[in-house]
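Working notes, structure below.
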Amino acid sequence: MKDLITCPPSPTLNEKSTIRKWHVKNGSKVEKGQVILELETSNLYCEVPASISGIISGIAHSEGASVERDELLCVIESHPSGKKQHTTQ
C-alpha cells in the first residue's frame with residue numbers, strides 16, 4: 001500500500017508553503033505519527049507527520065522549495081502486514 005503525503009492547506013487561501021526541513025531521506029523507515037518534515041508560511045510553522053508506518057519511497061521536493069496546497073510532498077510505502085515465511089528445500 002502507498003500513501004501520498006501532500007501539502008496541507010494554509011490558513012490563508014492561495015498562500016504557498018516552504019519546505020523548511022526534511023527529517024527523513026528516501027529509503028528511511030518511518031512510524032505512523034513520526035514527524036517527517038517541517039513546513040512554514042509567512043505566518044505559520046507546521047510539522048507534518050507520517051500517516052502510516054513504512055518506507056519513504058519518493059521525496060518530491062528539496063528543502064527550501066515552495067509548494068502549493070495538495071501538492072505531493074512524498075510517498076510512503078507501507079510495511080507488509082504479518083511475517084514473511086521462508087521455505088527451505
Side-chain angles (χ1 to χ4, degrees):
M1 179 176 150
K2 289 184 185 179
D3 194 31
L4 306 177
I5 306 300
T6 59
C7 184
S10 66
T12 56
L13 291 175
N14 299 322
E15 184 175 11
K16 291 186 177 185
S17 298
T18 300
I19 298 174
R20 183 174 175 187
K21 181 177 181 178
W22 280 102
H23 292 267
V24 296
K25 297 178 182 176
N26 280 323
S28 295
K29 180 180 176 182
V30 296
E31 296 298 326
K32 182 177 180 177
Q34 176 183 341
V35 173
I36 56 175
L37 77 144
E38 300 171 15
L39 294 173
E40 66 182 349
T41 66
S42 60
N43 59 357
L44 175 71
Y45 164 81
C46 174
E47 293 180 333
V48 178
S51 53
I52 62 173
S53 295
I55 304 292
I56 300 293
S57 65
I59 291 179
H61 302 279
S62 59
E63 290 179 4
S66 291
V67 291
E68 296 183 10
R69 175 185 181 172
D70 297 328
E71 191 168 343
L72 179 66
L73 299 173
C74 70
V75 177
I76 302 174
E77 299 267 354
S78 68
H79 298 299
S81 59
K83 296 181 180 180
K84 291 182 180 179
Q85 294 183 349
H86 297 282
T87 57
T88 56
Q89 295 181 2

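- Minimum heavy-atom separation, H61 to V67: CD2-CG1, 3.6 Å.
- Counting heavy atoms from C-beta on, the side chains of V30 and I55 never come closer than 4.5 Å.
- L4 shares a hydrophobic cluster with L72, V75; the chain of contacts runs through ILVMFWY side chains whose heavy atoms sit under 4.5 Å apart.
- Taking both residues in full, the closest heavy atoms of K29 and Q34 are given as O-OE1, 4.1 Å, listed atom of the first, atom of the second, then distance.
- For the residue pair N26 and S57, the shortest heavy atom distance occurs at OD1-C, 3.7 Å.
- Shown here are the salt bridge (charged side-chain N to carboxylate O under 4.0 Å, His left out) partners of K21, two or more places apart in sequence or in another chain: there are none.
- Under the 4.5 Å side-chain criterion, counting only non-hydrogen atoms from C-beta, L44 is not in contact with E15.
- For K32, the side-chain contact (heavy atoms from CB on, under 4.5 Å) partners are S53, not counting sequence neighbours.
- Within the 4.5 Å cutoff, the side chain of P8 has heavy atoms near those of the L39 side chain.
- Evaluation of the salt bridge (charged side-chain N to carboxylate O under 4.0 Å, His left out) rule for K2 yields E77 as partners, not counting sequence neighbours.
- Across all their heavy atoms, S62 and W22 have their closest contact at C-NE1, 4.1 Å.
- Under the rule for a salt bridge (charged side-chain N to carboxylate O under 4.0 Å, His left out), E71 has no partner lying at least two apart in sequence or in another chain.
- Taken to the nearest 0.5 Å, the CD atom of E63 stands 8.5 Å off from the CD1 atom of I19.
- In this structure E47 satisfies the side-chain hydrogen bond (donor to acceptor under 3.5 Å, both in side chains) test together with Y45, sequence neighbours excluded.
- Remark: side-chain polar atoms of T41 are paired, donor with acceptor, to backbone N or O of N43 under 3.5 angstrom.
- Closest heavy-atom contact between E68 and C7: O-CB, 3.2 Å.
- No option in C74, P49, S28 other than C74 meets the side-chain contact (heavy atoms from CB on, under 4.5 Å) test with I36.
- The nearest pair of heavy atoms linking S78 to I52 is CB-CD1, 3.7 Å.
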